[in-house]
Amino acid sequence: MTTELPAKYEPATLEPAVTSRWREHKAFAAFPDAREHRYVVMMPLPNVTGALHMGHAMDNVMQDLLIRWHRMRGDNTLWQAGTDHAGIATQAVVEKRLKEIEGKTRHDIGREALVERIWEWKEQSQKRIIAQQQGMGCSCDWDRTRFTMDAVCARAVRHTFFKMFRDGLIFRGNRLVNWDCALQTAVADDELYKETVQGKFHYLRYPLHERKPGEPEHVIVATTRPETMLGDTAVAIHPDPAMALRAAIEAQRHKVQGAADKERAVAEQELERLLQREQELLPHLIQIAALAKQGRKITLPLTGRTIPLITDEWADPALGTGCVKITPAHDPNDYQVWQRHRSIGAINVLNGNGTISAEGPYLGLDRFDARKQILRDLQAQNLVEKIEDRTIEIDHSDRSKTIVEPWLSKQWFVHMADVDGGITMGAGTPKQFRSKGLAQAALDAAAGALPALADGNARMQVRFHPDQDRYRKMYDQWLAEKRDWCISRQLWWGHRIPVWRGEMQKQHLLMLESVLQGQLRRDDVAAWIVLPDGSRLSVADALLALKREGAPATVEVQICFRDDTADATTGVVLQGAGLELDPDVLDTWFSSALWPHSTLGWPDPLSARVDPGQPSLGARGDNQSALDYWYPGSCLVTGRDIITLWVARMVITGLYNLGDVPFSDVFLHATILDGKGERMSKSKGNGIDPLDIIKRYGADALRYVVCELQTGTQDIRLPVQAISPFTKDGEPEQLIDLATAKPGPYLGTYIDPVTKQPFDLVGQYGKQGLAPAKAVSDRFAVGANFCNKLFNAARFAFLNLDGASFTERPLASLPLEDRWILSRLAAAHANVHGALSSYNPAAAIAAAREFFWGELCDWYLELVKPRFRDEAPAAERALAQQVLAAVLDQTLRILHPFVPFLTETLWQNLCDLAPVRGIDRELEGSALLVHARWPEHTATWISEEADSDLKCVQQWCAAIREARASYQVAPRTRIALRIQASGQTAKILLRGQALLAHMATAESIAISPTQERTRDSAAVVVGDGTAFLLGVVDLDKERDKLGKQQDKLRSQIASMAAKLGNEGFRAKAPPQVIAQQEATLQGLRQQLLAVEQGLRDLDH
RNA sequence: GGGCGAUUAGCUCAGUUGGUUAGAGCGCCUCCCUUACACGGAGGAUGUCGGGGGUUCGAGUCCCUCAUCGCCUACCA
């Protein structure tokens, strides 16, 4: 059943066949068993928003590389696949389509219908993503694929929320958030981007309330957002403007002194401005500060309100007008001021949709319309001092591309900072321990500072690769801030926040208590009572507190059940009592943070409701549950930007739920940039779809190059080209380099430099008549070349392997070239293994390539060719077959993690032709290469003698080839060689004579100490000997060449002799360095002698 | 403003703790369609290691400084 290998390498036909073979054999399925060694990778779950890009390709290939390597090493290997519901992103995409296609908003169709549509989108999207990953060769256990909103993950989310809520780590607070007025939800800092816009800086006059003679009429404040004045609750002035301004001036003076010439002018100008301010503005500011201290007020225009003039250090006399309006509900700094002056209060003047909510003439106006109207009204009252143009950087929502507003609203938070008395991590597990707080636990995990386990063993530490110091610093810096994590989103797509809450009269609370009496005592219900002042009490404490005099009449009740089934039963009772289930959903990262344990069935693998056809997560027979067996995992592979967003949060929840970190290692791979060094993005049209690369070059080529790109911490520039859409039929495809192509009329379009026509890389401008084009990168040709070479090398082997067999042979019985290739193979194996161990795929693949191409193909395959000729003795042929089969076997294994499709294909052919393989021992076989054992114990194949002997042959061969080329001897012309050599060199050359003759295309070769140059021969000095190429005459050229060599040797000898003659060097350099240099010098001197002899010979 | 990182051949990148004459792939030049491979073979050219200073017997590698370019982070009332 020999599988014929096609004549040409065609990844497009070969790869799908391998994919289906792997699928048929369920080759990647993982089950807990008795094996001690495990390797677990949790895939950074891609969004179901859209298709994968090159960043994902890098991420997936790196993971697959590690996974395949560990699987071959015999580890019980799990690669957990899945996708993320990506709340805001996915909802935004589906809403946008709804608007475009049907002209409807989410409110037109309602919550249920929208969520249904998003599920449909998710199904399609997930299918496409998995197809892409399978196309890349990802060897995930597809039967265990999870989704952050499926039943298994949802239960973990619910339980975690419940636990944190019960422990008081989740709370609802009135805070400023970034508000997306278009999507009407809070968005996280990482969902923002900054954009510089042309704005205006408005100077507004606020009249002084109850002004007395001699006092200023107005206090002037400046703002870029005049409409927020409706929400002003104070105007602030620095308590000691003179001192503050003086300090600023001194600081600026200092800066001027230290400034470089180029910056000095700017710094001096600034100093000048401050000094002028001190002269002109300061007296005024001092006066206002005095008024503030008297408790004077300001009349807030247009509203009829009076607001206090306060002193606060936030007001900087060096900036703006020196006085600042305070709008706590719409500005983060003002919010901070409010925290210091609680009595001023905060007024929210915006509705969630960005319209004005403040009672009065502006009610209902959009915030930008209100801005214009307010300015007009202020101008009518002569309250606008001046308006300046100004460029401002404004936060925009990445999802809706609209300006976000700081907005005071009630949101849910996870308390990250330390807690009085600390918290229990991994409560109820054998790994339970105490920590000061959630963020601190994650910091300790990376510092190796977690308390030891109960059995005395150290707890696992999280380490970063390939630069522990640098990446840990990023992790530490972010976590050290211990900022509360806003987890609520005002969306419909996501995990609903499982809290029943509502206002309640205190007498009703007593009733509620009796209604829930049975429930509240149980440990699957948690409840908090929040008093109007924001303080949070247990139900029991609240009942006591509310009995006191002056207790508030109403309170907020918050109740959370551990299991969602209770929402339908007890929830109804709560509803009757006026409570409602919170309408918000959780931040996507909340469920992502649980991924390493939610996917394994936490909190109870046995009862986890996996999808139909999926393996149970519970314990089976003697084997542990998926959770017990595979948690904690091994390595998380991701990009730098994810360290804070995700890695830290996974560590936190892992420690909190299970008392252990989710993984021991974090491998941060590079970011892929385009040819200009810019981040790839869909909208810029410089992004590459991995499937386009696979179609053009093959998945193995994609993988090969991606591995080659991952060198260390360096980000990667990947030049991007568009496939020209203007190529006529029959012409070869043209590539247009995007780094040099001029941009077209729209973002993501470019101009073809040949036809001068615009084309479209984002596929959005078909209506405008732009031709669509695909983006690729010719860098991937390198990978295709490699695969083609591998294919052909194997094909050559297969042509000669018919009838190959295995006989146990001692290594010493093998000829030089066989011993050498085995030795090189062993070295390559060690190098690849070492590079992979240190997370250096580029070094690994370079070592593999150097062996395969530079040694196996360039030398060994050529060296064995004579042994496969018809006239060669049968025994020689059989031995060559055996060695070649064994070498190919090991080579395919080593290359498999990098280029799995091709190696798997070739493996089948190899197994057909040479079912049993080995040299001094039989190699363990395997039906599929994906399950074959990674090479082991190859160290016994290393032979320093074979290495150096063959290296000697190679050196002579190279020198002879160089001479042939420089004398323009045709490659096929066989020449006669005389080699003058003695001692060890002669011995080696005599042994390798046949090899040398073959590789140097010599018809005859004579080696001895007494060989001499003939008049018609060229001489080549190699080490301490000389080769004469007979029949190659050109005395002038020869003289010239030897003369150049002589000059070079002399200069080298001079510099080295000088170095060795340097007393400092002799005294201070380590002895082995001195010895090495002396040996080199000795060698150079010998060469020089030979060259000089050659020059003398020419004259005879 | 603060922090981190980068700058090596035309291009994309290696270069371990300082130690021979700084490497690879692609591209380029010459020759070759030799019965595995032209997605190939043989040979070749190409570098003031961003600039300047310093430490050292010795610097691409360590220190200082300047320039340019990234990334993160804060602020701009």
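Protein chains get the first letters and strands the later ones, always in sequence-line order, with residue 1 at the start of each.
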Open item on the list: Strictly below 4.0 Å, N to O, side chains only: are A/Glu405 and A/Arg225 in salt-bridge contact?
Closed with: yes

TODO: Check the angle between the aromatic planes of A/Tyr697 and A/Phe780 and answer parallel, tilted or perpendicular using the 30° and 60° thresholds.
DONE: tilted

Open item on the list: Can you identify which nucleotide, out of B/rA42, B/rC37, B/rG44, has its nearest atom closest to the A/Glu962 side chain?
Closed with: B/rG44

TODO: For A/Ala784, report the nucleic acid contact type (base, sugar-phosphate, nothing); a contact means any heavy atom under 4.0 Å.
DONE: base

TODO: Considering only NZ, NE, NH1 and NH2 on the basic side and carboxylate oxygens on the acidic side, decide whether A/Asp715 and A/Arg640 come within less than 4.0 Å.
DONE: yes

Open item on the list: Base, sugar-phosphate or nothing for A/Gln1082? Non-hydrogen atoms, less than 4.0 Å.
Closed with: nothing

Open item on the list: Using a 3.5 Å distance criterion without hydrogens, assess whether the side chain of A/Thr905 forms a donor-acceptor pair with backbone atoms of A/Phe901.
Closed with: yes

- [ ] Could you tell me whether A/Cys857 contacts a base, only the sugar-phosphate backbone, or nothing, with contacts defined as non-hydrogen atoms closer than 4.0 Å?
- [x] base

TODO: Tell me which nucleotide among B/rG41, B/rC39, B/rC75 gets nearest to the side chain of A/Trp853.
DONE: B/rG41

Task: Contact letters for nucleotides 7-19 of chain B, in which S counts primed atoms plus P, OP1 and OP2 and B counts the base, heavy atoms under 4.0 Å - done: -----SSS----B

Task: Side-chain heavy-atom pair A/Leu884, A/Tyr860 within 4.5 angstrom cut-off - done: yes

Open item on the list: For A/Asp232 and A/Thr327, which I'm curious about, is there any donor-acceptor pair between the side chains at under 3.5 Å?
Closed with: yes

Task: From B/rC26, B/rC39, B/rA42, nucleotide with atom closest to A/Arg849 side chain - done: B/rC26

Open item on the list: Applying a 4.0 Å non-hydrogen cut-off, can you work out what A/Lys676 is touching in the nucleic acid: base, sugar-phosphate, or nothing?
Closed with: nothing

Open item on the list: So A/Arg470, base contact, sugar-phosphate only, or nothing? Heavy-atom distance under 4.0 Å.
Closed with: sugar-phosphate

- [ ] For RNA chain B, determine which residues of residues 224-235 of chain A have any heavy atom closer than 4.0 angstrom to one of its atoms, and list them numerically.
- [x] A/Thr224

TODO: Could you work out which one of B/rC75, B/rA36, B/rC32 sits closest to the side chain of A/Pro971?
DONE: B/rC32

Open item on the list: Heavy-atom nearest nucleotide on RNA chain B for A/Gln1087 versus A/Gly322: which residue maps closer to 5'?
Closed with: A/Gln1087

- [ ] Looking only at side-chain atoms of A/Val782, point me to the closest of B/rC37, B/rU20, B/rC26.
- [x] B/rC26

- [ ] Taking the side chain as every heavy atom from C-beta outward, state whether A/Trp478 and A/Ile643 have any pair of such atoms under 4.5 Å apart.
- [x] no

Open item on the list: Over all strands shown, is A/Arg390 touching base, sugar-phosphate only, or nothing at heavy-atom distances under 4.0 angstrom?
Closed with: sugar-phosphate

Open item on the list: Would the distance check show the side chain of A/Gln710 and the main-chain N or O of A/Met58 forming a donor-acceptor pair, the cut-off being under 3.5 Å?
Closed with: no

Open item on the list: Applying a 4.0 Å non-hydrogen cut-off, can you work out what A/Phe798 is touching in the nucleic acid: base, sugar-phosphate, or nothing?
Closed with: nothing

Task: Phosphate-side-chain proximity, A/Asn333 and B/rC76, N/O vs OP1/OP2 below 4.0 Å - done: yes

Task: Spacing between A/Asp316 atom CG and B/rC76 atom P, to the nearest angstrom - done: 10 Å

TODO: Report yes if some heavy atom in the side chain of A/Val235 is under 4.5 Å from a heavy atom in the side chain of A/Ile326; otherwise report no.
DONE: no

Task: A/Arg483, nearest nucleotide to its side chain (from B/rU73, B/rU20, B/rA36) - done: B/rU73

Task: Dot-bracket encoding per residue of RNA chain B, Watson-Crick/G-U cut-off under 3.5 Å, | denoting interstrand - done: (((((((..((((.....[...)))).(((((.......))))).....(((((..]....))))))))))))....

TODO: Check every atom of B/rU34, B/rG41, B/rU20 against the side chain of A/Arg972 and return the nucleotide holding the closest atom.
DONE: B/rU34

